[in-house]
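Notes follow the structure.
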Amino acid sequence: MAKSKIIYNKKINDNYFTMSISASSETLKAKPGNFIMLKTNKNNLVYDPLLRRSFAVSDIEEDNIVITYKVIGKGTLGLTYLRENDIIETSGLLGNYFNCSLNNKRIAIIAGGIGIAPFPLLVKRLTKKNNFIDLYYGGKSKNDIVLLDKFKEVDNIFITTEDGSKGKKGLITDYINREYEIAFVCGPNPMMMHSIYKLNETCEIEVSMEERMACGIGLCMGCIVNLREETMKNKKCCKDGPIFNGRKVVWQNLNN
Amino acid sequence: MAKSKIIYNKKINDNYFTMSISASSETLKAKPGNFIMLKTNKNNLVYDPLLRRSFAVSDIEEDNIVITYKVIGKGTLGLTYLRENDIIETSGLLGNYFNCSLNNKRIAIIAGGIGIAPFPLLVKRLTKKNNFIDLYYGGKSKNDIVLLDKFKEVDNIFITTEDGSKGKKGLITDYINREYEIAFVCGPNPMMMHSIYKLNETCEIEVSMEERMACGIGLCMGCIVNLREETMKNKKCCKDGPIFNGRKVVWQNLNN
Amino acid sequence: MAELKQLEVCLCGIPFKNPLILASGTCGYGLELRDYIDLNRVGGISVKGLSLQPCKGNPMPRIVETSAGLINAIGLENVGVNDFINNILPDLKKFDTVIIANFWGKSIEEYVEVARLLDASDIDMLEMNVSCPNIKEGGISFGTNLKQLENVTNSVKKIIKYKPLIVKLSPNVGNIATFAKAAENSGADCISAINTILAMSIDINTFKPRIANVTGGLSGPAIKPIAVRMVYEIYKSINIPIIGLGGIMNYMDVLEFFLVGSKVVQIGTANFINPDNALNIINDLKDYLNDKKIKNISELTGKIVV
Amino acid sequence: MAELKQLEVCLCGIPFKNPLILASGTCGYGLELRDYIDLNRVGGISVKGLSLQPCKGNPMPRIVETSAGLINAIGLENVGVNDFINNILPDLKKFDTVIIANFWGKSIEEYVEVARLLDASDIDMLEMNVSCPNIKEGGISFGTNLKQLENVTNSVKKIIKYKPLIVKLSPNVGNIATFAKAAENSGADCISAINTILAMSIDINTFKPRIANVTGGLSGPAIKPIAVRMVYEIYKSINIPIIGLGGIMNYMDVLEFFLVGSKVVQIGTANFINPDNALNIINDLKDYLNDKKIKNISELTGKIVV
Ligand SMILES: Cc1cc2nc3c(=O)[nH]c(=O)nc-3n(C[C@H](O)[C@H](O)[C@H](O)COP(=O)(O)OP(=O)(O)OC[C@H]3O[C@@H](n4cnc5c(N)ncnc54)[C@H](O)[C@@H]3O)c2cc1C
Ligand SMILES: Cc1cc2nc3c(=O)[nH]c(=O)nc-3n(C[C@H](O)[C@H](O)[C@H](O)COP(=O)(O)OP(=O)(O)OC[C@H]3O[C@@H](n4cnc5c(N)ncnc54)[C@H](O)[C@@H]3O)c2cc1C
Ligand SMILES: Cc1cc2nc3c(=O)[nH]c(=O)nc-3n(C[C@H](O)[C@H](O)[C@H](O)COP(=O)(O)O)c2cc1C
Ligand SMILES: Cc1cc2nc3c(=O)[nH]c(=O)nc-3n(C[C@H](O)[C@H](O)[C@H](O)COP(=O)(O)O)c2cc1C
Ligand code: FES
Ligand code: FES
């Protein structure tokens, strides 16, 4: 666990924030899809929230890593109170990462809500390699569509919101009807499941799973993901993931 | 419970801080000895610390009340993280107050450590009324002697520290040997007990008691003080106090 | 008006304008709160546990905070049932809220006598606290021994003519559902659960317990998940209504207690932190029910999806 | 060197370099931690509970956070005792720390068989987790039924030839001291207490339990005051040593557990929050003992002043 300095903690809108924290040279080697865990308050004598919270590395800026977070409950609310120069405890790099050594590929990036978080870094690594990239990005409402300035280099951006306040009205998965060689998906489980169903059969699919985590390093067995063809062995989202082959995930076993 | 804005939260030294918060016109009527309770963090979804913390009104500055606090545990540590313009929840005015309608009296103010907190306001109310005031102020070490600039108008200041790093070496109670008409005492229980023993028998003694409080308004019966001559009825430190006639307090019943 | 109806519940024939009761020991005798909140707005008030004789309670210190919890050993300090009935109840009755008399004794005879006096008084319901030891029977606690619980419940129920009897269970047992069942079978009209959990904290500077009584009862958010589980277990095994409590801090906590089977809830430690909490929760519940278009909060009782 | 001695303790004839054990279920099989902390520095490691056959555990979700607490229902997922002995233990033995094999079964026969295999292996101590139901006897839990606890302890103790037997008690009982006494009388060499407290949390959006298994076990700082009280009660009633645990987060918590009678402690949930916690606590304990000029931490065991 390292102590990191907050470089900035900016409000994007009422629910979304972006925070930049100083990082070690190790952490700066983050690959797209890697995540870190954060203690969400500064007071070392209090234990509520108890556990650290997980966040994808969203971008790297000079010697700092950037996360993008949505305020959900007490932990993320706690993050919003932190300010420039505050010191917080972080752990990571954690987990595996997206396959980003791709050239000349037709790529779909599919994000639901805060599922957009890992993709700025991914896009940085994929562009300028002759890849063709479509970004599909859905949210409940216009406030759920953030970070668009980070995706200037992608070829097409499709946006939907459930209430139609930005982009097309509807679910983003309804708009997937081109063929791709590989797709990267991050969002709520039902949305990820549905994406798989909509993508062409020849398309490789990498999903980033969000399971509740206690430890983030394989100690607690709280974050299990089951894969088809490996039925006798549970995978740990934190250690073996968070990136999995979407076609192998047994979605039924994730009733949350 | 009111929401108050923090005007400043200044470090005096490693352990002592002073904080000024905006106050309602009611709260600005604070009398010396009154106290308030503070929620010590901003996050409304977390419950550690659980209870509010009690602080004497230390001074009044324009439309703000000032508290002086010493970092003891998780609650006061939490206070140190608050900054200018932060909003915190406060309750009060709470409790009773020192007798400050005094003229032409020989007065002793006796403080141990953070027990100094209520006295700047008391001195403001007592000076310029022909009162003669001696301040006795003891601490463990020089860092425990704070706020001296607030006591420029008292007649004499006696300071002791246990390690001799400021003032005379020893306990402050060892230096009480003049006669007074009334004494105001605030500090650890043993020090308050000992002061009573050292003061002349004709001297009235008002002590400010610090009992652990859950509610601060008489609901929990957690903060009992027993008085002699009223043996069948427990007094509540928060409602009937925190100021009591020192000669009546049954010190033996306070084993903390 | 229609709005208000959403929160109305009926417990043992007694109408409550809303299902929020201030828990015993956390609101004095109610009157202590009148300067801080409008008592007419809370569903009910369960007063500090009453005994036959006034009781001075335990030595100090009596309370200590732990992580998200509070340990207390007040020692059931109270003015005694007669003083309450004669000098406090008349003022309390001026408020339009259900008055619940929490009570206890050191022997079955004491329980019966206090119950008799309260039953004849102006209070609305009796809540029997069985967390104290039976002095006559060598200190075996009424609430953690099935036989004792049955005896005291039977004896008290027999003497009561007018008022419903709530039995408030102790969580310091292996299987709380059997205790709830025993109380039901012995005549209880309603169960309230849970009381505090036996706990301890040590001052590492003095090596002394932080509570003079050595042990005390843990309350607050720390115990909520245990309390919710216990209410769930009780709900599955009895037919009389349940008052759920233990660590409720906000309306979401109230919903949890309803979903596992509570018909009404009590707010305890939260009153200390902010006496407005109960009223804030009532408002939030209203908003929630409106939002979800739920006609009456009772529809949520026991509606956990398993 | 002299410094180090201050933390040395001996438990059932096994020397520990310090009294900090990583608790079962919170450190995998130890090896998962080797990239994060120096395992040679912890006093001992209690591995994830082992059973005769590999076990896949419960469906998801398995964990949920509560106020200062964590509910888990992992469902005792493990690789099985044989895989552990053959494929994990050899690597684990490379570290200079005491290896404790936590284990469980669904019948007395299973307990006995797992214990026999472990006793013959290279581990140092056995820790019997009695928090699971006896499938053969209709699901009555071993840990909450005195007779079952005696039977399983007797049977396991009979088969063990080489290694000390720790019995890890369930807190979900009325009087934990009687269970400790029963375990002692049935041959336990040591008691560890407490395991998690049965608890529940409901998702108010879906009305579903937040744990797929409906209930789970509560751990973390929320339960510390309950655990300290239980260790205190146990200490007063038995003569074998006690391993105290439940919510330990820092060295001050460790001291509390020592003062009420622990000889050694375990660190559970705290490992999740920061795997360095155990090592930090060891350092802080050293500083504390130096400061107070205490020669050996054992001097603190049971030294509460009441
Ligand atoms: C690998 C990974 C990467 C993530 N990346 C991001 C990111 O970049 N930006 C972002 O905003 N969020 C991200 N999340 C989700 C984020 O961790 C949760 O939103 C956050 O933990 C919520 O905490 P809370 O205290 O605000 O909410 P609460 O609901 O109060 O949290 C209660 C408990 O549930 C857990 N929890 C709640 N929601 C989630 C969730 N969606 N996923 C996992 N655990 C959850 C919390 O960690 C906590 O233990 C990621 C999750 C994972 C597993
Ligand atoms: C009427 C009154 C006036 C006070 N005025 C001041 C003041 O002006 N400045 C100041 O620094 N302190 C004052 N105190 C003491 C202050 O309330 C405590 O130092 C503070 O609550 C410690 O909280 P903590 O979380 O930092 O410590 P912790 O030790 O973690 O607190 C644990 C629990 O013990 C209680 N507690 C701990 N120490 C004390 C204490 N000395 N008195 C009462 N309760 C305590 C806390 O409130 C909390 O409930 C006053 C106390 C009272 C009762
Ligand atoms: C200071 C204090 C005093 C209490 N006194 C009583 C009492 O007299 N009778 C009783 O039945 N319960 C008493 N209780 C228990 C509460 O009514 C309630 O059951 C318990 O605190 C759990 O609820 P909570 O977590 O919301 O506080 C008391 C609790 C506290 C904190
Ligand atoms: C995720 C998790 C898994 C656990 N698995 C086991 C186990 O396999 N065997 C066991 O005896 N105890 C198990 N426990 C209980 C712990 O060892 C410990 O008794 C309990 O968590 C209390 O300590 P703590 O508050 O320090 O975590 C587990 C606890 C947790 C949180
Ligand atoms: S979060 Fe603990 S094993 Fe994955
Ligand atoms: S603090 Fe609750 S009665 Fe005084």
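Excluded from the calculations below are hydrogen atoms, water molecules and symmetry mates; all remaining heavy atoms, backbone and side chain alike, are included. Here is the naming used below: chain letters follow the sequence lines, and residue numbers restart at 1 for every chain.
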Evaluate D/Ile108 against D/Phe142 for side-chain contact (heavy atoms from CB on, under 4.5 Å), listing each step before the verdict. CA-CA 9 Å; D/Ile108 294 199; D/Phe142 287 103; 3.8 Å; yes
Extract the chain C to chain D donor-acceptor pairs under 3.5 Å, no hydrogen or angle test applied.
unit_1	atom_1	unit_2	atom_2	d
C/Leu198	O	D/Arg229	NE	2.8
C/Leu198	O	D/Arg229	NH2	3.0
C/Met200	N	D/Pro225	O	2.9
C/Ile202	N	D/Glu256	OE1	2.8
C/Phe207	O	D/Val305	N	2.7
C/Pro225	O	D/Met200	N	2.9
C/Arg229	NE	D/Leu198	O	2.8
C/Arg229	NH2	D/Leu198	O	3.0
C/Glu256	OE1	D/Ile202	N	2.8
C/Val305	N	D/Phe207	O	2.7

Identify the heavy atoms of C/Val231 and C/Gly261 that sit nearest to each other, and give their distance. CG1-C, 4.4 Å
Mind listing the closest non-hydrogen atom pair of C/Ala23 and C/Leu245 along with its distance? CB-CD1, 3.8 Å
Chain D heavy atoms under 4.5 Å from C/Leu259: which part of the residue, side chain, backbone, both or neither? side chain
My understanding is that only one of C/Val265, C/Ile294, C/Leu255 makes a side-chain contact (heavy atoms from CB on, under 4.5 Å) with C/Leu285; could you say which? C/Leu255
For the student: nearest non-hydrogen atoms of C/Ile234 and C/Ala193, plus distance: CD1-CB, 3.7 Å
CA sep, side-chain torsions, deciding dist, call: C/Ile267, C/Ile281, side-chain contact (heavy atoms from CB on, under 4.5 Å): CA-CA 10 Å; C/Ile267 314 288; C/Ile281 292 174; 3.9 Å; yes
Which one of D/Val214, D/Val64, D/Ile176 has the most heavy-atom pairs closer than 4.5 Å to chain C? D/Val214
Flag the one option from C/Pro221, C/Pro209, C/Ala68 with the top tally of heavy-atom pairs under 4.5 Å to chain D. C/Pro209
The interface call for D/Ile71 against chain C, heavy-atom contacts under 4.5 Å, is side chain
Closest non-hydrogen contact found for D/Phe272 with D/Gly25 is CZ-O, 3.7 Å
So which of D/Val260, D/Ile226, D/Val228 has the largest heavy-atom pair count under 4.5 angstrom toward chain C? D/Ile226
Shortest non-hydrogen contact from D/Ala180 to D/Ile191? O-CD1, 4.1 Å
Flag the one option from C/Leu300, C/Ile223, C/Leu218, C/Leu198 with the top tally of heavy-atom pairs under 4.5 Å to chain D. C/Leu198
Restricting to non-hydrogen atoms, name the atom on C/Phe179 and the atom on C/Leu149 that form the minimum distance, rounded to 0.1 Å. O-CD2, 3.3 Å
